[in-house]
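Let me begin by presenting the structure, written as structure tokens, before commenting on it.
All heavy atoms count here, side chains included; hydrogens, waters and symmetry mates do not. In the text below, chain A, chain B and the rest are named by the order of the sequence lines, each starting its count at 1.
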2 protein chains.
Amino acid sequence: MVEIQSNSLLIELRRDGGAALHRQIEAAIRDAVRAGRLRIGTALPPTRTLAGDLGVSRGVVVEAYQQLVAEGYLTSRPGGYTEVAIGQEPAAPAVPSEPAPPPMIDFAYGRSDVSHFPRAVWMRSIRRVLADAPNERFLYLSGRGMPELREALAGYLNRVRGASVDPDNMVIVNGYAQGIALTIAVLAQSGARRLAVEDPSADDDARLVAAAAGIEVVGVPVDRDGIRVDLLERTDADAVVLTPSHQWPTGGVLSAESRAAVLRWAARRGALIVEDDYDAEYRYDRAPIGAIQGLAPDSVVYAGSASKTLAPGLRLGWLVVPRRLADAVATAKVVADRGSPALDQLVFADFLTRGEFDRHLRRMRPVYRRRRDALLAALREKAPMLEPVGIAAGLHLVTWLPPEVDEAAVVSAAAARGVAVNGVTPYRLTSTGPGGLIFGYSSLSERAIVDGVTVIGEILSRGGVGSGRARS
Amino acid sequence: MVEIQSNSLLIELRRDGGAALHRQIEAAIRDAVRAGRLRIGTALPPTRTLAGDLGVSRGVVVEAYQQLVAEGYLTSRPGGYTEVAIGQEPAAPAVPSEPAPPPMIDFAYGRSDVSHFPRAVWMRSIRRVLADAPNERFLYLSGRGMPELREALAGYLNRVRGASVDPDNMVIVNGYAQGIALTIAVLAQSGARRLAVEDPSADDDARLVAAAAGIEVVGVPVDRDGIRVDLLERTDADAVVLTPSHQWPTGGVLSAESRAAVLRWAARRGALIVEDDYDAEYRYDRAPIGAIQGLAPDSVVYAGSASKTLAPGLRLGWLVVPRRLADAVATAKVVADRGSPALDQLVFADFLTRGEFDRHLRRMRPVYRRRRDALLAALREKAPMLEPVGIAAGLHLVTWLPPEVDEAAVVSAAAARGVAVNGVTPYRLTSTGPGGLIFGYSSLSERAIVDGVTVIGEILSRGGVGSGRARS
């Protein structure tokens, strides 16, 4: 057998006495440049390397490169390497698929302030994991995820959230989005037909996935205390997605009576409660409220993530599921992607067990509280017609609009002045109610918050954003 | 509003003049210990911290801790902290869900030798990324993945695999498993009814997901040159999953004629080819074979991963898709999990662009080649009745069994002697053919390879593993 290797550049040489070898190499590189497969600026392998790979003498490759340099296809660079000299510039990375340039002041919700991501401390956890992790941790593991992380998270959730977690009933996932997708996949397998969600509620994760799985989604209106359990009881839903500790977006807290009523409903129907505990770590002037999961671990799928505490880009999330569903959810995870990345899980476990997560939250709470306070003060002063609700916790609040004001008109007038703010109405399913604005304040300076609210206050007081209803 | 925070331990205090505050704290901790929510060994917050969180004087917390120490619930530890003293030991991490203890010699396939994972070099890339990445990279991004990684991978695939990749048509995924899951989801959305796969082929990813999506899976027999295109043409499949460069598991290479025929078939039917390029980086004594994707980018979904080159635990994979499908696949990725972890992608991009990936492969090839050579030599010497095929590339080979030998009996006799080897038959759908053994050699020392083959040779030569057919 002739030994031919060209692992660093795909060149198929024919040794049947046809064209000289250096001509074949020239032709292959020339074609690749012309076809755009080798782009301008791409470095070619050193001649010695390529010659070794192809099983030819180095001189053959040198000759080919020299010819192509002479022709202008290649160019020699300082440091002795050769790169592609012509052809298309590399495309500006994926411009069409990236979001539009951000507005100047963006009241976006659903994220931590990533400029405070604890890079140095995270790095120390990575260094320990890369130094200490046994080799087996780099292989495929179970769908549940790394035992180290499940143990650490169970301790955290039991301590801080009043949850009742056995690490065996946890599944590590890539953020809440995958958590709800796997939960709904298991619901669909078990024959669920209808999923109740709060109305208004986040429009992306649960609703998208349920629709794709052929499960009907029904909205149940919320009031200032969260979901209307009396209305939930009239649905024949097989499951409900709740944000009981801080309703998204309106900020209501499900009362003790309503929690008990939801649990009774679930027990009676054999229905599943999905608890989206998305921002429980932030709470400013109210008593802590434990996770509903701690009250009824057999009825609740608890979902959490690091997106609001560390960074959405980590894609770290976790499910705590009733024991009877643990195998099914872990299997769904294996089918979906064979488990979350191993190192990331070990790093987060190290970060948790060393108390760094608690320390990070302790550092961030006063930051977010100051921003919230700045937002409340600015609203009082610059936009007194806006009534804030859901202010005691989380990283956003909602202000209801006066009935004569058109929500969409305010949102678009603000955008025109460089201020991005979301309306509540797009998040409604079938419920009706006042217009409102969702102010995420996690990632804005206090100065930007005041400036943004000032713009919105001016828009509201200058008029021109009246609703059709009010004008008629 | 009363300021109450207890973010580090969930304790709900009532200030209505009932029980004294320290009694309430005692009771809350006692209940949590009894219920197993606080486990033995869990450290409680420092008294100053908890007092601050709860808005009580430090003395109240000190009194509560002292009482619980006296009762034996808590214990004071050197260093001044207090931990839970009684209750269940933390469960041994997830023992029931972990795989059984590994056999002594495991001819497992589908992985790199993770003991050679380049930890130090990977660490350097992580350090650079954590130092340099802009904050926005920690937020949610597009479903396609990090532009840096798509650009780097496109360059690599165009150069090394003869692919024709525009970074805009790539989607970064969590390993091949997620890649095929997303591809099949998009196929199902577009109305595909039938998926052809090679027979035999890997039984997990494509088949599981297709079944879940309601798509019928049909097996098309392979011969020594890969899939039988003449038989594929008789199916009315909407798509086919191929391993054209090294058929899994039998190692055949699809001939130029067959490649052309498959592409004609796909063009005629408007069918999609999914190219699973799972181990293209390893090739020992044959000319390189470019990816079929380079021939027909509009008909082929190309899938690759780092599982066979770096480590399965990274869960790093990539799809190159026809331009018309790029948005749909990226959307499926968003629905599945809102994108792969950001840092991992940036680290791999750095690793690629600095040439570390090429260097790592260059280091590993001779390692794997020596193991393969040891396996071939051992087979010749210790088990001459076994005929190896598919030996020129990859990290595994297949040996066909003589017709009178029962595959399952050999596999189980080997397992009883501490040697794990897979049979080919479990990977067949409907095809019939000789029994065979799949020898993965990537993670075994040359010594272990010889020992394992010796055991199997002994089993075969001592008899007792005859097939019913041969005995009759």
Side-chain angles (χ1 to χ4, degrees), chain A residues 1 3-4 6-10 12 37-38 42 90-91 93-94 97-98 111 114-115 117 119 123 126 130 135 137-140 142 144 147 150-151 155 158-162 164 167-168 174-175 177-178 181 208-209 285 287-288 290 311-315 335-338 341-342 344 358 361, chain B residues 1 3-4 6-10 12 37-38 42 90-91 93-94 97-98 111 114-115 117 119 123 126 130 135 137-140 142 144 147 150-151 155 158-162 164 167-168 174-175 177-178 181 208-209 285 287-288 290 311-315 335-338 341-342 344 358 361:
Chain A
M1 260 176 274
E3 288 222 358
I4 302 178
S6 167
N7 289 301
S8 56
L9 182 71
L10 186 88
E12 307 190 19
R37 289 199 308 277
L38 282 173
T42 301
S97 55
E98 296 303 309
R111 63 202 51 192
V114 292
S115 73
F117 182 81
R119 296 190 186 207
M123 186 72 208
I126 292 174
L130 272 172
N135 286 328
R137 286 286 179 262
F138 291 79
L139 288 171
Y140 299 104
S142 82
R144 281 175 165 80
R150 288 183 281 128
E151 186 71 30
N158 291 340
R159 172 168 61 85
V160 173
R161 297 298 300 131
S164 176
D168 258 0
N174 302 338
Q178 187 179 51
L208 269 176
V209 180
D285 25 40
L314 294 180
R315 309 312 302 128
V335 172
D337 63 9
R338 294 208 172 193
D344 300 352
D358 284 296
L361 291 174
Chain B
M1 259 175 277
E3 288 221 359
I4 303 176
S6 168
N7 289 301
S8 56
L9 182 70
L10 185 88
E12 307 192 18
R37 290 200 307 277
L38 283 173
T42 302
S97 56
E98 297 301 309
R111 64 206 47 196
V114 292
S115 72
F117 183 82
R119 296 189 186 208
M123 184 73 206
I126 292 174
L130 272 172
N135 287 327
R137 286 286 177 264
F138 290 79
L139 288 171
Y140 299 105
S142 82
R144 282 175 165 81
R150 288 183 280 128
E151 186 72 29
N158 291 340
R159 172 168 61 86
V160 173
R161 298 296 301 131
S164 176
D168 258 1
N174 302 338
Q178 188 180 51
L208 268 177
V209 180
D285 25 41
L314 294 179
R315 311 310 304 130
V335 172
D337 63 10
R338 293 207 173 194
D344 300 352
D358 284 297
L361 291 174

L139(A), V335(A), T42(A): which one forms the most heavy-atom pairs within less than 4.5 Å of chain B?
L139(A)

Partners meeting side-chain hydrogen bond (donor to acceptor under 3.5 Å, both in side chains) with R161(B) (sequence neighbours left out)
S245(B), D277(B)

Nearest 0.5 Å, please: how far is CG in D337(A) from CG in D337(B)?
7.0 Å

If you take all heavy atoms of F138(A) and A311(B), which pair is closest and at what distance?
O-CB, 3.5 Å

If you take all heavy atoms of R119(A) and L130(B), which pair is closest and at what distance?
NH1-O, 2.8 Å

With only heavy atoms counted, which part of S115(B) is less than 4.5 Å from chain A, the side chain, the backbone, both or neither?
both

Taking all heavy atoms of D344(B) and all of D344(A), pick out the closest pair and write down the distance.
OD2-OD2, 2.5 Å

A177(B) versus chain A, heavy atoms under 4.5 Å apart: side chain, backbone, both or neither?
both

What part of R111(B) gets within 4.5 angstrom of chain A, counting heavy atoms only: side chain, backbone, both, or neither?
side chain

Testing the basics here: between P341(A) and P341(B), what is the closest heavy-atom pair and its distance to 0.1 Å?
CG-CG, 3.9 Å

Proximal component of N174(B), with respect to chain A [non-hydrogen, under 4.5 Å]
both

So what's closer than 4.5 Å to chain A heavy atoms on F117(B): side chain, backbone, both or neither?
side chain

